[in-house]
Trainee: 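Below: one structure in structure tokens.
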Amino acid sequence: MSSTYVRNQFDTWIRANSAEANIIDLTAMYSELEIMLADKLIGRNDPWLALQYIGSNEEAVALSANNATGKYRENGSVFVHIVARVSTTVYDDILVRTEAFRNLLRGQRINDILVESVTPPNFESGATLQFEGGYQSASVIVNYQRDLSL
């Protein structure tokens with residue numbers, strides 16, 4: 001999981017800059033999708049976006065780094081799942097939303113977090129959220145790095 005700092009900065013920036021109205025952090029545990037959507041006041045037919053934070057590592061980038069001083073670099077990824085109800089136009093709708101999201105993030109610096117790359121959308125099983133009950137999703141992976149000076 002990404003650091004609390006990265007999670008808070010990314011979440012705040014996305015909510016302030018994205019056209020997506022319904023954003024869910026998947027950290028919360030829900031036994032059923034319908035309960036999660038109801039808890040977030042998202043209607044059954046409303047499109048939504050889910051954020052899944054996957055921290056990779058934090059390593060020293062200064063020779064004298066220890067728990068009290070030095071510089072550390074956090075690397076990680078945010079999996080962004082773009083979700084909509086299944087319809088005859090669901091793939092086109094999701095692709096339009098995904099491209100808008102990718103264009104928003106490409107090359108950005110979110111305070112001291114550098115967005116290193118944003119992948120093209122992936123609809124494949126195992127690469128995105130899987131649902132029962134008539135939802136489709138595509139995922140993009142946002143890779144980042146952040147330097148922390150102690």
Trainee: Should S139 and H81 be marked as a side chain to side chain donor-acceptor pair (under 3.5 Å) after you check the CA-CA gap, both sets of side-chain angles, and the distance that decides it?
Mentor: CA-CA 4 Å; S139 299; H81 309 285; 2.5 Å; yes
Trainee: With a 4.0 Å cut-off on N to O distance, would you call E20 and R15 a salt bridge?
Mentor: no
Trainee: Locate the shortest heavy-atom distance separating T98 from P121; write the atom from each residue and the value.
Mentor: CG2-CB, 3.4 Å
Trainee: Honestly curious: do V140 and V96 fall in one hydrophobic cluster under the side-chain, below-4.5 Å linking rule?
Mentor: no
Trainee: Is there a side-chain contact between N111 and Y5 in this structure, where contact means two heavy atoms from C-beta onward sitting under 4.5 Å apart?
Mentor: yes
Trainee: Would you please name every residue forming a salt bridge (Lys or Arg N to Asp or Glu O under 4.0 Å) with D93, sequence neighbours left out?
Mentor: none
Trainee: With sequence neighbours left out, write down each residue that passes side chain to side chain contact (heavy atoms under 4.5 Å, CB included) with N17, or none if nothing qualifies.
Mentor: W13, L104
Trainee: Does D46 have any salt bridge (Lys or Arg N to Asp or Glu O under 4.0 Å) partners at least two apart in sequence or in another chain, and if so, which?
Mentor: none
Trainee: Check whether more than 12 heavy atoms from other residues, nucleotides or ligands sit under 6.0 Å from atom CD of E124, and answer yes or no.
Mentor: no
Trainee: What's the shortest heavy-atom distance between S2 and S77, and which atoms?
Mentor: OG-O, 4.0 Å
Trainee: Not counting sequence neighbours, which residues clear side-chain hydrogen bond (donor to acceptor under 3.5 Å, both in side chains) with E99? List them please.
Mentor: R102
Trainee: Which residues satisfy the side chain to side chain contact (heavy atoms under 4.5 Å, CB included) test with A100, sequence neighbours excluded?
Mentor: none
Trainee: How far does CG of D39 sit from CG of L41, to the nearest 0.5 angstrom?
Mentor: 7.5 Å
Trainee: Could you tell me which residues satisfy side-chain hydrogen bond (donor to acceptor under 3.5 Å, both in side chains) with D25, sequence neighbours excluded, listed by chain and number?
Mentor: R7, T27
Trainee: Checking D92 against V90 for the side-chain contact (heavy atoms from CB on, under 4.5 Å) test, could you report, in this order, the C-alpha distance in whole Å, the side-chain angles of both residues, the deciding distance, and whether it holds?
Mentor: CA-CA 6 Å; D92 291 335; V90 69; over 6 Å; no
Trainee: Walk me through it: do I94 and Q136 pass the test side-chain contact (heavy atoms from CB on, under 4.5 Å)?
Mentor: CA-CA 9 Å; I94 287 176; Q136 178 64 51; 4.0 Å; yes
Trainee: Holding to salt bridge (Lys or Arg N to Asp or Glu O under 4.0 Å), I want the full list of residues that pass it with R85, two or more places apart in sequence or in another chain.
Mentor: none
Trainee: Identify, with sequence neighbours excluded, every residue that meets ring pair (Phe, Tyr, Trp, His ring centres under 6.0 Å) alongside Y91.
Mentor: F123
Trainee: Are L150 and V61 in one and the same hydrophobic cluster, where Ile, Leu, Val, Met, Phe, Trp and Tyr link if side-chain heavy atoms are under 4.5 Å apart?
Mentor: no
Trainee: For I35, what residues pass the side chain to side chain contact (heavy atoms under 4.5 Å, CB included) criterion, not counting sequence neighbours?
Mentor: Y30, S31, E32
Trainee: Would you check if I14 and I23 make a side-chain contact, meaning some heavy-atom pair closer than 4.5 Å?
Mentor: yes
Trainee: N67: which residues meet the side-chain hydrogen bond (donor to acceptor under 3.5 Å, both in side chains) condition with it, sequence neighbours left out?
Mentor: none
Trainee: Under 4.5 Å between side-chain heavy atoms, counting indirect links through other Ile/Leu/Val/Met/Phe/Trp/Tyr residues: same cluster for I113 and L148 or not?
Mentor: no
Trainee: So, applying side chain to side chain donor-acceptor pair (under 3.5 Å) with Y144, which one of E74, R109, Q108 is it?
Mentor: E74
Trainee: Is there a path of hydrophobic side-chain contacts, each under 4.5 Å between heavy atoms of I, L, V, M, F, W or Y residues, that connects V86 with L33?
Mentor: no
Trainee: Report the C-alpha distance between V115 and V142 in whole Å, list the side-chain angles of each, state the deciding distance to 0.1 Å, and finish with yes or no for side-chain contact (heavy atoms from CB on, under 4.5 Å).
Mentor: CA-CA 7 Å; V115 174; V142 179; 3.8 Å; yes
Trainee: Check the pair D11 / Y53 against side-chain contact (heavy atoms from CB on, under 4.5 Å), numbers first and verdict last.
Mentor: CA-CA 10 Å; D11 187 78; Y53 296 92; 3.7 Å; yes
Trainee: Within the structure provided, determine whether R146 and F10 are in side-chain contact (heavy-atom separation under 4.5 Å).
Mentor: no
Trainee: Would you indicate whether the side-chain heavy atoms of V78 and Q52 approach each other to under 4.5 Å?
Mentor: no
Trainee: Do V80 and L49 have side chains that approach each other closer than 4.5 Å (heavy atoms only, starting at C-beta)?
Mentor: yes
Trainee: Drop me the distance from L114's CG to D147's CG, to the nearest 0.5 angstrom.
Mentor: 9.0 Å
Trainee: Would you say L129 ends up clustered with L37 if hydrophobic residues are merged whenever their side chains have heavy atoms under 4.5 Å apart, either directly or through other cluster members?
Mentor: yes
Trainee: List for me each residue that meets side-chain hydrogen bond (donor to acceptor under 3.5 Å, both in side chains) alongside S117, sequence neighbours excluded, and say none if there are none.
Mentor: N143
Trainee: Assess whether a salt bridge exists between E58 and R73, defined as any Lys/Arg side-chain N lying under 4.0 Å from an Asp/Glu carboxylate O.
Mentor: no
Trainee: Using the test salt bridge (Lys or Arg N to Asp or Glu O under 4.0 Å), find all partners of E116 that sit at least two apart in sequence or belong to another chain.
Mentor: none
Trainee: Please examine the side chains of R97 and F101, heavy atoms only from C-beta on, and report whether any two atoms are closer than 4.5 Å.
Mentor: no
